[in-house]
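Down below is the structure, laid out as structure tokens.
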Amino acid sequence: MNKYLIFIFFFIQYSYAQNYRAIYDFNYKLDSTKSYSDTIEMVLDIQKETTRFYYQKLIKLDSLVRNNEIISYSFPVQQVIKRNQNSFENENFVSVEDKYYTYFSTDQIDWKIMPEIKHSAHYTLQKAEAIWSGRKWTAWFTPEIPISEGPYKFKGLPGLIIELEESNKNFGYKLISFNKLASDYDTTNIVETNLGNPPVKISLKKYQELLLNQYNNPFSEYNNMKEGSWGITIDGKEINTLEGLKSIKKNYQSGIKRYYNPIELDKAVKYK
């Protein structure tokens, strides 16, 4: 058996015989005009049949829910997905106005493997580049972990992606741990449902329409409610009338536009 066939055999055995969990630091800019970024830890669970990518904080929240505690939460970016092994078709899980939705997208990435090599603390890394979804990306992967996976929708290289950065430094991922799991981790409460609440199945087009409606018609749920029976706090300001909501509408819309920096530009909505 030649070396190439041995590698392919080992690749298949390594990829699908066991379960793995990679944790990434995800750096992102909500406002692309600013120099600073925020960081959140993300989980990549690579299991025998499926791959899931989600917020690490959801694991703790799931534990609280299982103990019958009542919680609420939100995340600044939409990065919860699930896909089958050997597939570029992703099931996207998103939240809009506290409602949970799911839609499918096919996200093929055409990588160009470069000759550059560098060494991290634990692995030898090779460079790859791709232009995907309107942005240019640089990845560093390691054939030492022959799993064709990476953070979010980034996969398809002959090794696990260890580092990934967008050319304008709006987004970046860096592996901080990689471990074998003893068994499949049940993500029913934190991926396939929103802490037990099942998602509504929609299309990408419908998701875009929901975002535009949220922008064009903010606070519409209060239009038919009796004044004095409700109240909300926005930016530290107490509001309990329709006139009050009208007075902050423009500022609210400006905030949506300012902090709308989608990772996939070709799927972005255009706010007026």
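None of these values were measured; they are calculated from a predicted model.
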Aromatic plane relationship, Tyr152 with Trp132 - under 30° parallel, 30 to 60° tilted, over 60° perpendicular:
perpendicular
Taking every heavy atom of Ile117 against every heavy atom of Trp140, the minimum-distance pair comes out as C-CZ3, 4.1 Å
For Asp186 and Asp62 the tightest heavy-atom approach is O-OD2, 4.4 Å
*May I ask you to check whether over 12 heavy atoms, not counting those of Lys267, lie within 6.0 Å of atom NZ?*
yes
Ala139 and Leu157 have their tightest heavy-atom pair at CB-CD1, 4.1 Å
| Under a single-linkage definition using a 4.5 Å side-chain heavy-atom cutoff for Ile, Leu, Val, Met, Phe, Trp and Tyr, are Val200 and Val96 assigned to the same hydrophobic cluster? | yes
_Validation row: Met42, Ile40 side chains within 4.5 angstrom (heavy atoms)_ = yes
Query raised in the report: Do you reckon Leu210 sits in the same ILVMFWY cluster as Tyr252, going by side-chain contacts under 4.5 Å, direct or chained?
Result: yes
Should the pair Lys155 and Phe88 be classed as cation-pi, given the thresholds of under 6.0 Å to the six-membered ring centre and 45° from the axis? yes
CG (Asn19) and CG (Asp184) are apart, to the nearest 0.5 Å, by 4.5 Å
Polar contact flag, side-chain donor to acceptor under 3.5 angstrom, Asn261-Asn170: yes
Rounding to 0.5 Å, atoms CZ (Phe141) and CG (Leu125) come to a distance of 9.0 Å
Around atom NZ of Lys99, are there more than 12 heavy atoms of other residues, nucleotides or ligands at under 6.0 Å? no
(message) Between Tyr103 (side chain only) and Phe93 (backbone N and O only), is there a donor and an acceptor less than 3.5 Å apart?
(response) no
So OG of Ser133 and CD1 of Ile109: to nearest 0.5 Å the spacing works out to 9.0 Å
In this structure, CG of Leu30 is separated from CZ of Arg258 (nearest 0.5 Å) by 11.5 Å
OH (Tyr101) and CD1 (Ile202) are apart, to the nearest 0.5 Å, by 6.5 Å
Taking C-beta and beyond as the side chain, do Arg66 and Leu61 meet within less than 4.5 Å on heavy atoms? no
Q) Which is it for Ile46 and Leu44 under the side-chain contact (heavy atoms from CB on, under 4.5 Å) test, yes or no, and what are the steps along the way? A) CA-CA 6 Å; Ile46 306 164; Leu44 177 70; 3.9 Å; yes
Open item on the list: Under a 3.5 Å distance rule, please check whether Thr241 uses its side chain to pair with a backbone N or O of Gly244 as donor and acceptor.
Closed with: yes
Is there a side-chain contact between Leu164 and Trp137, using heavy atoms and a 4.5 Å cut-off? yes
side-chain hydrogen bond (donor to acceptor under 3.5 Å, both in side chains) for Thr39 and Asp25? Distances and angles first, verdict last.
CA-CA 7 Å; Thr39 302; Asp25 267 342; over 6 Å; no
Heavy-atom nearest pair, Thr188 first then Thr193, reads O-OG1, 2.7 Å
**Report entry** Beyond-backbone contact of Ile113 with Pro158, side-chain heavy atoms, under 4.5 angstrom
**Finding:** yes
Taking every heavy atom of Leu265 against every heavy atom of Gly134, the minimum-distance pair comes out as CD1-O, 3.4 Å
ask   = Do Tyr215 and Tyr260 touch side chain to side chain, with heavy atoms closer than 4.5 Å?
value = no
Under a 4.5 Å cut-off applied to non-hydrogen side-chain atoms, are Glu116 and Met114 in contact? yes
side-chain hydrogen bond (donor to acceptor under 3.5 Å, both in side chains) for Glu91 and Thr102? Distances and angles first, verdict last.
CA-CA 7 Å; Glu91 184 173 8; Thr102 179; 2.8 Å; yes
| task | Tell me, yes or no, whether the heavy-atom count around Leu204 atom CG, taken from other residues, nucleotides or ligands under 6.0 Å, exceeds 12. | result | yes
I'd like to know if the side chain of Thr187 and the backbone of Ile190 have a donor-acceptor N/O pair within less than 3.5 Å.
no
TODO: Look only at the side chain of Lys29 and the backbone of Lys34, and say whether a donor-acceptor pair between them is shorter than 3.5 Å.
DONE: yes
| Are Ile256 and Ile232 joined in one hydrophobic group, where the rule is that I, L, V, M, F, W and Y side chains link up if heavy atoms are under 4.5 Å apart? | yes
Just by modelled atom types, is the Gly159 backbone N or O under 3.5 Å from a matching donor or acceptor in the Ser148 side chain?
no
query: Going by an N to O cut-off under 4.0 Å, is there a salt bridge joining Lys127 and Glu129?
result: yes
Notebook entry, point to check: With the threshold set at 4.0 Å, does a side-chain nitrogen-carboxylate oxygen contact exist between Glu149 and Arg83?
Noted result: yes
Residues Phe154 and Ile263: closest non-hydrogen pair is CE1-CD1, 4.4 Å
Asn67 atom CG: more than 12 heavy-atom contacts under 6.0 Å: yes
Given the options Lys153, Lys82, Gln79, Gln78, Asn92 meets side chain to side chain donor-acceptor pair (under 3.5 Å) only with Lys153
_Same apolar cluster (I L V M F W Y, side chains within < 4.5 Å links), Tyr28/Tyr259_ = yes
Do Arg135 and Ser167 touch side chain to side chain, with heavy atoms closer than 4.5 Å?
no
Looking at Tyr185, I'd like to know if the NZ or CZ of Arg21 sits under 6.0 Å from its six-membered ring centre while staying within 45 degrees of the ring's axis.
yes
request  = Might you work through the side-chain hydrogen bond (donor to acceptor under 3.5 Å, both in side chains) test for Thr124 and Glu144, ending with a clear yes or no?
outcome  = CA-CA 7 Å; Thr124 298; Glu144 295 170 21; 3.3 Å; yes
May I ask whether Leu195 and Leu64 are part of the same hydrophobic cluster, defined by side-chain heavy atoms of I, L, V, M, F, W, Y residues being less than 4.5 angstrom apart, directly or through others? yes
Within the structure provided, determine whether Asn90 and Phe104 are in side-chain contact (heavy-atom separation under 4.5 Å).
no
TODO: Considering only NZ, NE, NH1 and NH2 on the basic side and carboxylate oxygens on the acidic side, decide whether Arg52 and Glu192 come within less than 4.0 Å.
DONE: yes
- request: Name the orientation class of the two ring planes belonging to Tyr173 and Tyr24 (parallel below 30°, tilted from 30 to 60°, perpendicular beyond 60°).
  value: perpendicular
Next on the checklist: Check Glu166 with Lys136, please: is the shortest side-chain N to carboxylate O separation under 4.0 Å?
Outcome noted: no
Worksheet item: Are the side chain of Gln47 and the backbone of Gln85 linked by a donor-acceptor contact shorter than 3.5 Å?
Response: no
Basic-acidic side-chain contact under 4.0 Å: Lys257, Asp31: no
Assess, by modelled atom type and distance only, whether the side chains of Asp45 and Tyr54 contain a donor and an acceptor separated by less than 3.5 Å.
yes
inquiry  = For a quick check under 3.5 Å, do Ser105 and Glu89 share a side-chain donor-acceptor pair by atom type?
reply    = no
